[in-house]
Number of protein chains: 2
Amino acid sequence: MEPLTEKQQQIFNLIKAALAADGRRPSQREIARQAGLAQNSVYQIIRYLKQKGYLVDLGGHRGVRLSAEYLDSLPPKRGIPIVGQVAAGQPVLAQQNIEGYVEIKDLLGLSDDVFLLRVRGDSMTDEGIMDGDYVAVKPASTAQNGRIAVVLLDDEATVKKVYVQKNRIALEPANRAAGYKTQYVKRTDKDIRIIGNVIGCLRKLK
Amino acid sequence: MEPLTEKQQQIFNLIKAALAADGRRPSQREIARQAGLAQNSVYQIIRYLKQKGYLVDLGGHRGVRLSAEYLDSLPPKRGIPIVGQVAAGQPVLAQQNIEGYVEIKDLLGLSDDVFLLRVRGDSMTDEGIMDGDYVAVKPASTAQNGRIAVVLLDDEATVKKVYVQKNRIALEPANRAAGYKTQYVKRTDKDIRIIGNVIGCLRKLK
DNA sequence: ATATTATATGGTCATTTGACAATATAGTCA
DNA sequence: TGACTATATTGTCAAATGACCATATAATAT
């Protein structure tokens with residue numbers, strides 16, 4: 001966007017400050033008082049701010065707002081920065097190293113019905129799901145074959161790779177070292193229920 | 001808060017809708033037009049809304065805003081439910097199964113300076129950090145011995161268990177199966193820099 | 001039966017507000 | 001020098017706005 005002069009920036013900052021303070025757009029006279037100017041000086045400067053695209057006039061009385069153009073140009077302060085390549089001799093969080101900003105929810109693709117389940121046991125460590133991890137689960141009554149899912153087996157929620165077969169369900173662990181074996185459960189045999197698919201995994205380290 | 005009548009709720013909703021739409025508090029006449037009323041009917045109802053504490057008058061012209069009292073009473077936009085024990089015969093998300101609600105940021109203990117780094121390679125799979133995972137990194141210039149940290153080695157950010165020793169730094173992988181070996185780097189030898197500690201790990205499954 | 005509450009309208013009015021014209025000045029650029 | 005831009009002021013004004021009064025009515029509470 002076209003840069004602002006010092007004075008224009010000052011007035012623009014006053015407007016933003018007032019908006020941040022109480023969500024209320026200050027009148028030209030309020031701004032003028034703070035800046036020690038006459039109302040019409042502010043009017044003139046606002047004309048430039050509109051002209052340069054920082055403000056838009058929605059029409060009607062007192063209809064001037066921050067423009068979408070300006071809001072879009074703001075550094076996306078929300079979310080967590082993702083660092084890509086790290087350039088030599090630069091601080092890690094230097095602008096050039098940052099690939100973008102994300103919300104963790106977006107990153108994991110979390111929707112409203114997703115819940116977290118704390119994993120117990122080490123039966124899925126080969127898939128990077130460790131004891132104590134949280135898995136994000138999207139509720140579903142069926143599971144795609146080979147997907148990691150949560151099933152309720154004898155009142156216990158377990159996380160396994162699930163294969164639905166003819167008359168049974170295979171629950172495949174992922175821990176070769178410990179030698180867990182695939183468990184086959186007949187639908188008629190035990191009380192088994194598929195709860196949902198695991199769509200993410202997260203862990204806090206200390 | 002004292003409940004609103006149907007009409008009061010309607011007007012209040014119109015005000016909230018307009019605020020959500022363009023951040024602009026509608027004038028009484030605008031509201032009246034939408035509701036098919038006279039301006040003064042809206043004025044009366046707004047009187048009630050003020051009286052019941054849903055709106056506050058900041059004073060001055062057109063100074064009415066949503067009250068802090070109302071904003072606080074809003075359903076706390078709860079995060080993601082954490083499911084503990086799953087009771088038999090109950091839907092997973094039944095109230096009794098839910099241990100609580102958390103924001104993922106709180107769960108991972110993320111503060112402002114934390115950033116995400118995408119992990120490349122399988123050198124830390126035994127610690128449940130897989131190729132393609134994101135690790136949350138808290139910037140630090142030193143690392144505690146034995147902690148998983150991010151170091152910058154020859155312009156490449158790598159995730160390893162770090163041990164700072166007398167005149168060298170040991171970078172210990174965690175993948176017995178693949179047979180990665182611990183790497184010892186003399187501080188004088190290579191350009192090595194500790195970037196931060198890994199405080200969390202997250203992964204999206206498809 | 002009476003009082004109160006909530007809704008609703010018409011009339012009116014003082015203020016606030018943004019807009020605009022006219023004008024001035026200092027700095028920059030051609 | 002002259003043109004132009006940005007800043008700044010005074011004076012003025014129409015439109016928008018919220019406030020308040022009087023009034024009406026239906027429902028509800030006492």
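In what follows, chains are A, B, ... by sequence order, proteins preceding strands, each numbered from 1.
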Worksheet item: Taking B/Arg25 for the side chain and B/Lys16 for the main chain, is one N or O donor matched with an acceptor at less than 3.5 Å?
Response: no

Practice prompt. Take atom CD of A/Glu30 and atom P of C/dT17, then tell me their distance rounded to the nearest Å.
Written response: 6 Å

Fill in: Nearest-neighbour nucleotide for the B/Asn40 side chain, C/dC20, D/dC20, D/dG18 considered
D/dC20

Fill in: Short side-chain donor-acceptor distance under 3.5 Å, B/Arg168 and B/Tyr184
no

Discussion item. Does A/Arg25 reach a base, just sugar-phosphate, or nothing at all? Heavy atoms under 4.0 Å.
Written reply: sugar-phosphate

Discussion item. With a 4.0 Å limit, can you tell me whether A/Lys50 has a side-chain N or O closer than that to the phosphate oxygens OP1/OP2 of C/dA19?
Written reply: yes

Worksheet item: So, is A/Gln28 near the phosphate of C/dA19, with a side-chain N or O under 4.0 Å from OP1 or OP2?
Response: yes

Item to complete: For D/dT17, take OP1 and OP2 only and decide whether either is under 4.0 Å from a side-chain N or O of B/Arg62.
Response: yes

Discussion item. Return whichever of A/Arg47 or B/Gly36 has its heavy-atom-nearest nucleotide of DNA chain C closer to the 5' end.
Written reply: B/Gly36

Practice prompt. Output yes when a side-chain donor or acceptor of A/Lys186 lies under 3.5 Å from a complementary backbone atom of A/Asn167, and no otherwise.
Written response: no

Practice prompt. Send over the distance from A/Gln39 CD to D/dT7 P, rounded to a whole Å.
Written response: 16 Å

Fill in: Length of the OH-P vector between A/Tyr43 and D/dT10, whole Å
17 Å

Item to complete: Look only at the side chain of A/Glu156 and the backbone of A/Leu153, and say whether a donor-acceptor pair between them is shorter than 3.5 Å.
Response: no

Worksheet item: For A/Arg29 and C/dT16, what is the distance between atoms CZ and P respectively, to the nearest whole Å?
Response: 9 Å

Item to complete: Using modelled atom types only, decide if a donor and an acceptor are shared between the side chain of B/Thr125 and the backbone of B/Gly128 within a distance under 3.5 Å.
Response: no

Worksheet item: Rounded to the nearest Å, what distance is computed from the CZ atom of residue A/Arg24 to the P atom of nucleotide C/dT16?
Response: 12 Å

Worksheet entry | Spacing between A/Ile46 atom CD1 and C/dA19 atom P, to the nearest angstrom | 8 Å

Discussion item. Without decimals, in angstroms, what is the distance between B/Leu49 CG and D/dG18 P?
Written reply: 14 Å

Pairs under 3.5 angstrom, nitrogen or oxygen only, protein versus nucleotides 4-7 of chain C, please.
from	atom 1	to	atom 2	distance (Å)
C/dA6	OP2	B/Tyr48	OH	3.3
C/dT7	OP1	B/Thr5	OG1	2.3
C/dT7	OP2	B/Gln8	NE2	2.9

Practice prompt. Go through the side-chain N and O atoms of A/Asn13 and A/Gln9 and say whether any donor and acceptor fall under 3.5 Å apart.
Written response: yes

Fill in: Pairwise side-chain contact, B/Arg147 with B/Val162, heavy-atom cut-off 4.5 Å (strictly under)
no

Worksheet, complete the sentence: From CG of A/Leu58 across to C1' of C/dA19 the rounded distance in Å is 17 Å

